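The structure displayed is predicted, hence computed values, not measured ones. Sequential numbering from 1 along the given sequence is applied to the chain's residues. Note that these values count all heavy atoms, side chains included, but never hydrogens, waters or copies made by symmetry.
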Amino acid sequence: MELLLMAAADPQVRIATLEAALRVASRELHWANLTIQKRDAEIQLLEERLRKQRIRFLGAASETLSDLQLELLTEEEPGATREEVEAESRRELISTAAPRERKPHPGRKPLPESLPRVEEVIACEANCVYCGGQTRVIGYDMSEALDREPAKWFVRVTKREKRSCGKCSAIQMPPLAPRIVEKGLASDRVIIETVVAKYCDHLPLYRQEAMLEREAGVEISRATLDGWIMRVGELLEPVTEAMHADLLRASYLQADETIVPVQMHDGRGSDHPAYLWQYGTPGGETVFDFQLGRGRDGPAKFLKDWNGILQTDGYQAYDRVGGPGLIHVGCWAHARRKFVDAVKVNPQDGGAIAMVTRMDALFLVDRHARQQQLNAEERAALRREHAQTWVEEVHSECRKLRAQLLPKSALGEAVNYTLNMWPKLQRCFDHAGVELSNNVAENSMRPVALGRKNWLHVGSAKAGPKVAAILSIVESCRRLGIPVKEYLLAVLPGMSQKKHSELAQLTPARWMGSHAESH
């Protein structure tokens with residue numbers, strides 16, 4: 001540079017040379033700053049990913065804000081008190097909706113009156129321990145303790161009379177009562193206990209096999225136990241078809257899906273990742289649909305030309321299914337969960353915390369509606385009055401944050417998910433009967449996930465629909481409050497001999513209605 005300046009005697013040439021050198025230096029500085037910013041962004045993303053992994057394995061699963069995070073909101077607004085922040089999360093509803101209160105411990109709950117009582121009387125001394133005089137009974141001091149008798153295993157021997165006609169010598173005997181497995185080794189009750197133990201209590205068959213041998217001294221192979229279960233699933237498939245038809249008559253459905261490994265017996269030695277798709281009405285029946293893949297074919301086939309309101313998460317396979325009148329709505333719980341994850345990654349992120357608080361206010365409105373036992377139209381009016389402002393704030397703040405954040409950061413992903421889902425999220429407020437989330441569907445998937453950790457996989461692709469049928473019945477009974485053992489004992493024996501029209505009347509909902517009428 002000095003040589004160039006010395007060689008250029010003309011001042012204008014020296015100035016031009018200096019300006020060119022400054023431009024080169026400015027460009028180099030600009031690229032250096034961009035490189036630093038890129039590296040800072042990469043470091044930030046890597047740190048967030050590391051925190052996500054740590055939180056995944058070691059962190060709490062709670063989705064509530066801590067006291068420290070609430071205090072951070074007050075720091076963002078120095079003039080605001082903690083009480084004002086909490087009141088802000090309730091808006092005008094604070095005057096009518098009380099916050100969630102911790103109820104005092106009710107003490108020991110009495111044992112159910114429906115349980116039979118077996119009395120044990122402990123006799124007192126007939127003579128007074130102080131003076132030796134004769135005593136008389138003046139009452140009892142009573143206490144109760146829950147007790148049980150061990151399972152009693154026995155062999156039921158059924159003897160049918162064989163009679164011979166003295167006139168024509170014909171032999172006759174009464175027919176056997178219908179059974180789930182004709183000429184099987186086990187009674188209907190034992191078969192149903194096996195099914196319930198696996199799909200309600202998540203006991204895999206190898207454990208049940210060991211329990212039978214230990215408690216009853218009976219050796220029954222897992223293959224036999226599995227055959228019982230497959231028979232029950234086969235019998236229940238027509239019932240779930242009727243439940244499927246009933247669901248397609250509903251105007252509002254929630255859907256979700258989960259993976260279920262399947263043995264393919266193709267020599268690869270590894271399970272195939274199949275899926276259970278679940279469709280149901282809140283508070284009503286639900287149907288599991290087994291599919292080998294997670295593509296759009298599954299929901300498209302199940303929903304066919306159905307026109308109604310479908311609520312799901314953001315999975316794209318639910319798009320463009322059903323009939324032309326299908327309305328797709330989103331789930332606010334999924335959107336909120338993204339921001340909760342951002343708070344877990346960065347507990348000092350005031351933007352994420354504030355967004356969680358705003359979404360909490362939306363759910364507070366619905367909680368108040370449940371507490372007041374409002375109907376769908378009254379709840380919709382309450383939403384319009386108290387929740388609409390929060391919805392508008394969520395949208396505007398997300399748009400502001402999108403311009404400031406890295407798209408791959410935890411908060412950036414939460415913002416992008418919410419904005420991409422915004423038309424579907426907003427539709428939750430356009431229809432009175434729609435819930436803010438499809439948590440009911442998610443909760444129905446949890447038993448599947450828990451069972452999957454125990455029984456590991458489905459034995460074959462052909463077994464998948466049978467397992468789905470059993471899960472449909474078990475979960476529908478749970479939702480409707482029906483004792484699943486009582487239901488299965490009532491409908492399974494003799495089901496193979498019933499007409500298809502009769503099977504349609506054996507769905508859990510219809511059986512519950514007819515059972516209630518008969519009592």
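Of the possible donor and acceptor atoms, none in the side chain of Tyr279 sits under 3.5 Å from a partner among the backbone N and O of Phe302. Under the 3.5 Å distance criterion, the side-chain polar atoms of Arg336 are left unmatched by any main-chain donor or acceptor of Asp360. Between the Glu442 side chain and the Asp256 main chain, no donor and acceptor come within less than 3.5 Å of each other. Side-chain atoms of Asp226 never come within 3.5 Å of backbone atoms of Arg222 as a donor-acceptor pair (strictly under, hydrogens ignored). Without hydrogens or angle criteria, Asn454 side chain to Leu450 main chain gives a donor-acceptor distance under 3.5 Å. The closest donor-acceptor contact from the side chain of Asp313 to the backbone of Cys331 lies at 3.5 Å or more, if one exists at all.
Side-chain contact, Gln291 with Asp289: a donor N or O sits under 3.5 Å from an acceptor N or O. No side-chain donor-acceptor contact under 3.5 Å links Glu475 and Thr286. A donor atom on one side chain and an acceptor atom on the other are found under 3.5 Å apart for Arg452 and Thr258.
Within the cation-pi definition used here (under 6.0 Å to the ring centroid, within 45° of the axis), Arg358 does not qualify as a partner of Phe339.
At a threshold of 4.0 Å, the pair Asp341-Lys338 does not count as salt-bridged, since none of the basic side-chain nitrogens sits closer than that to a carboxylate oxygen. Checked for salt-bridge contact, Arg296 and Asp319 miss the test: no charged N lies under 4.0 Å from a carboxylate O. Of the charged side-chain nitrogens involved, at least one lies within less than 4.0 Å of a carboxylate oxygen, so that Arg379 and Glu435 count as a salt-bridged pair.
Counting only heavy atoms from C-beta outward, the side chains of Val329 and Gln426 never approach each other to under 4.5 Å. Within the 4.5 Å cutoff, the side chain of Met359 has no heavy atoms near those of the Val356 side chain. Proximity of Ser472 to His244: side-chain heavy atoms (C-beta onward) are nowhere separated by under 4.5 Å.
Legend: residues meeting side chain to side chain contact (heavy atoms under 4.5 Å, CB included) with Glu392, ordered by chain and number and at least two apart, are Gln388.
The aromatic ring centroids of Trp277 and Tyr318 lie less than 6.0 Å from each other. Aromatic rings from Trp511 and Tyr487 are positioned such that their centres are separated by under 6.0 Å.
Atom CZ of Arg402 sits about 9.0 Å away from atom SG of Cys398, to the nearest 0.5 Å.
The aromatic rings of Trp332 and Phe429 lie perpendicular to each other, with more than 60° between the two planes, well past the 30° mark.
Within 6.0 Å of atom CD in Glu377, 12 or fewer heavy atoms from other residues, nucleotides or ligands are found, so the atom counts as exposed in its surroundings.
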